[in-house]
Number of protein chains: 2
Amino acid sequence: MVTLAEVAQHAGVSASTVSYVLSGKRSISGATRQRVEQSIRELGYHPNAGARALASSRSNIIALMIPLRTDMYVPVMMEIAIAVATTARTHGYDVLLLTGEEGPDAVRRVTGSGLADAMILMDVQLDDERLPLLRGTDQPSVLIGLPADTTGLTCVDLDFKATGALCVEHLAMLGHRDIAVIGEAPAVYERHTGFAERTLDGLRARSQELGMRLLHRPCEGGYDAMAVTLARILDERPSTTGFVVQNESAVEPLLALLRQQGRAVPEDVSVVGICPDQVATQASVRLTSVSIPAQEMGRHAVEQLVAKLDGRGSDEVLLIAPELTVRTSTGPAPSATH
Amino acid sequence: MVTLAEVAQHAGVSASTVSYVLSGKRSISGATRQRVEQSIRELGYHPNAGARALASSRSNIIALMIPLRTDMYVPVMMEIAIAVATTARTHGYDVLLLTGEEGPDAVRRVTGSGLADAMILMDVQLDDERLPLLRGTDQPSVLIGLPADTTGLTCVDLDFKATGALCVEHLAMLGHRDIAVIGEAPAVYERHTGFAERTLDGLRARSQELGMRLLHRPCEGGYDAMAVTLARILDERPSTTGFVVQNESAVEPLLALLRQQGRAVPEDVSVVGICPDQVATQASVRLTSVSIPAQEMGRHAVEQLVAKLDGRGSDEVLLIAPELTVRTSTGPAPSATH
DNA sequence: ATAGGTTGTCGAAGCGCTTCGACAGCTTTT
DNA sequence: AAAAGCTGTCGAAGCGCTTCGACAACCTAT
């Protein structure tokens, strides 16, 4: 293991000079810099992370807490995680992966031990028990998702309320009057996950404003659960012509079931998805959808954090405006006179 | 920030004693231990990770390198990552998330800087460029996946060759003679990903032994790609009655297309999947499948690594025996006289 | 009673780095 | 020509922990 001191000796300078070459915190003459860089290369020197962390009280690590359960949005989580890791590297940070399992203890542990300089939390619940800890520490953090009370917190999320409204508007514009929402699994609502409730708010508020009738049914993913849910919906409200699907693992089952029942998409019923673009374009019908900007959220979260660590940046809530892409799963409502 | 020294003072012992209480590396009297533990609790002490790493040259971190691209097996990757993180925690380790993006450089960086004590590599290619580096260092590592040459390496993977054979055997037993394999995306084969080729080996070898005819076609995920591939297969070999699907994002499209063409599953054609159980049970037909034991692989990888770090353990290749679960997507081949 | 073991604790050295103050050698200002 | 300001470099202190050797204090055996 090559040390700073060895590099210094090899280059004929003092240890501190090498350190300053590395950090750029003091000016170094071109000649010296080159000599040092040459030695670093020749010796294959890598700064020791532990020593660096100890001396500077900076670990250059960002902790990312992902949910343990995989009952929703797995591809989204993965995309966010990858975006976080990639963006972090461009700023010289590495990413520590924490699972939700430890809960608040993980926050304490990471904060207390100086393992990470900052944290990103995913799968935030409306009244998340980790929040008091975040507020009580001076370690920067960013939430991906929105809790009930955001004071003193920095958050990024898709504007799910606007998303709900946008879906409704699109269907309204096409003349649909009775619409149904295929929601997330019941468990997601039970644990009060912000995005699910906010979407519903948006859907309800806008459909009321527009004089539409809306049915909301939670639904586990998969074919069987979807079959039951769809039957119930069509039984209760046979006039339903528009669907908004939030649970991405219900998308394909819904399309298959509709087909099976002889309901053509988009001629007889329209379907709008809230899902990553990949899901929308790979479905059996190219889905009109509001995409979930996973990458953007991950990237933004890291950049906020880096700004804070550099003393710039501040607490703020960024709600990304939803964008609806029209594909081939939505069309004019079948005329009522038909 | 509370330090060891403060705890020591508070408990009326020396710093080293506190350290030994924490590590258990020397025997400490019950009375002293309790006093120290009490002080730790009262002061809310957390050992500083950097200092610990520096002094002990152990970071208690395991690096996990996941693939950057998400063109395959996203849920599997996620499950492995979560299993790794969870298992690592039970052994006192944290997990550092690296993306494949940096390639071999990441290995050098982590090894050189002592950021992590060990690494787990996923998405290993037959002739992976990271392997020489692993062999050239004394840092323990485990591969999830199998390269061409495993000398000096520790690997875990599903026995994909046996998996291929098992799928063929199952279909053979049911009387199928002409079978088709829906493979991974062409890109996966182009970069020589071990598991894809090994599966194919197993499929080919066993079908030849059993006198079956086999067609293999790579296939991107999604409905459109699957439609093209299926049409080609049925055009070339209309007598095909058995399908083996390796690309999990082709499962549902295939089922939908078969249904659409009036081919009943399992009466007219049988389908075997190679995918996580969740995919198999959530499909529109409950899929007979060989499951991918993501959790088991993640857990085993960590345990191997921990064993190595403790001086136990050795290089070995663990191929997990495949298990085929019969569900409702396979049945006897339609009789030839029909 | 004495040599030889244990057991529990302490002090000090050091892990490899960052950073602060000092200062020599310049250049610029007055 | 002296004062003032830059630049580039160095030495030393110290970050918070682990670990090694030392050594009291006690417990066996002989």
Side-chain angles (χ1 to χ4, degrees), chain A residues 1-37 39-40 43-61 92 109-117 309-311, chain B residues 1-37 39-40 43-61 92 109-117 309:
Chain A
M1 198 89 305
V2 187
T3 70
L4 224 213
E6 296 175 274
V7 173
Q9 191 172 10
H10 185 271
V13 297
S14 76
S16 48
T17 300
V18 177
S19 179
Y20 287 125
V21 167
L22 251 27
S23 69
K25 291 190 179 173
R26 284 203 183 173
S27 56
I28 297 287
S29 71
T32 308
R33 156 171 295 115
Q34 294 201 346
R35 208 140 33 82
V36 170
E37 283 169 352
S39 297
I40 288 176
L43 301 178
Y45 168 71
H46 283 272
N48 180 88
R52 202 165 236 202
L54 177 56
S56 66
S57 29
R58 282 294 207 101
S59 64
N60 283 299
I61 288 179
R109 194 165 59 82
V110 168
T111 305
S113 67
L115 232 187
D117 297 332
L309 288 169
D310 291 353
Chain B
M1 198 91 302
V2 187
T3 70
L4 224 212
E6 295 176 275
V7 173
Q9 190 173 11
H10 186 271
V13 298
S14 76
S16 48
T17 301
V18 177
S19 178
Y20 287 124
V21 167
L22 250 29
S23 69
K25 292 192 179 172
R26 283 201 184 172
S27 56
I28 297 287
S29 71
T32 307
R33 157 171 293 115
Q34 293 199 349
R35 209 141 31 82
V36 170
E37 283 169 351
S39 298
I40 288 177
L43 301 179
Y45 169 71
H46 284 272
N48 180 87
R52 204 165 235 200
L54 177 57
S56 65
S57 22
R58 282 294 209 103
S59 64
N60 284 297
I61 289 180
R109 194 165 58 84
V110 167
T111 305
S113 67
L115 231 187
D117 297 332
L309 289 169

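Naming: A, B, ... by sequence-line order, numbering from 1 per chain.
What you find for A:Ala53 and B:Gly50 is that their closest heavy atoms are CB-CA, 4.1 Å. Nearest heavy atoms, A:Gly114 versus A:Ser59: O-CB, 3.7 Å. Nearest approach of A:Val21 to A:Arg33, heavy atoms of both residues: CG2-CA, 4.3 Å.
Using a 4.0 Å heavy-atom cutoff across all strands shown, A:Thr3 reaches sugar-phosphate atoms only and no base atom. As judged by a 4.0 angstrom heavy-atom cut-off over every strand, A:Ile28 is placed among residues touching the sugar-phosphate backbone only.
Within the helix from C:dA1-D:dT30 to C:dT30-D:dA1, the inter-axis angle between the opening and closing five-pair segments is 30°, rounded to 10°.
Note: A:Met1 CE to A:Asn48 CG = 8.0 Å, rounded to the nearest 0.5 Å. In this structure, OG1 in A:Thr111 is found 11.0 Å from CG in A:Asp117, a value given to the nearest 0.5 Å. A distance of 8.0 Å separates CG of A:Leu4 from CD1 of A:Ile40, quoted to the nearest 0.5 Å.
Mapping A:Ser14 and B:Ser16 onto DNA chain D via the closest heavy atom, the residue that lands nearer the 5' end is A:Ser14. Across the interface with DNA chain C, nearest-nucleotide mapping of B:Thr17 and B:Ser56 shows B:Thr17 to be the residue nearer the 5′ end. Mapping B:Ala51 and B:Arg35 onto DNA chain C by nearest heavy atom places B:Arg35 closer to the 5' end of the strand.
Each of A:His10, A:Gln34, A:Glu6 was checked for a side-chain hydrogen bond (donor to acceptor under 3.5 Å, both in side chains) with A:Ser39, and the lone residue meeting it is A:His10.
Nucleotides of DNA chain C that come within less than 4.0 Å of any heavy atom of chain A span, from the 5' end to the 3' end, C:dG16 to C:dA22.
Applying the 6.0 Å contact sphere to CD of B:Gln9 captures no more than 12 heavy atoms from other residues, nucleotides or ligands.
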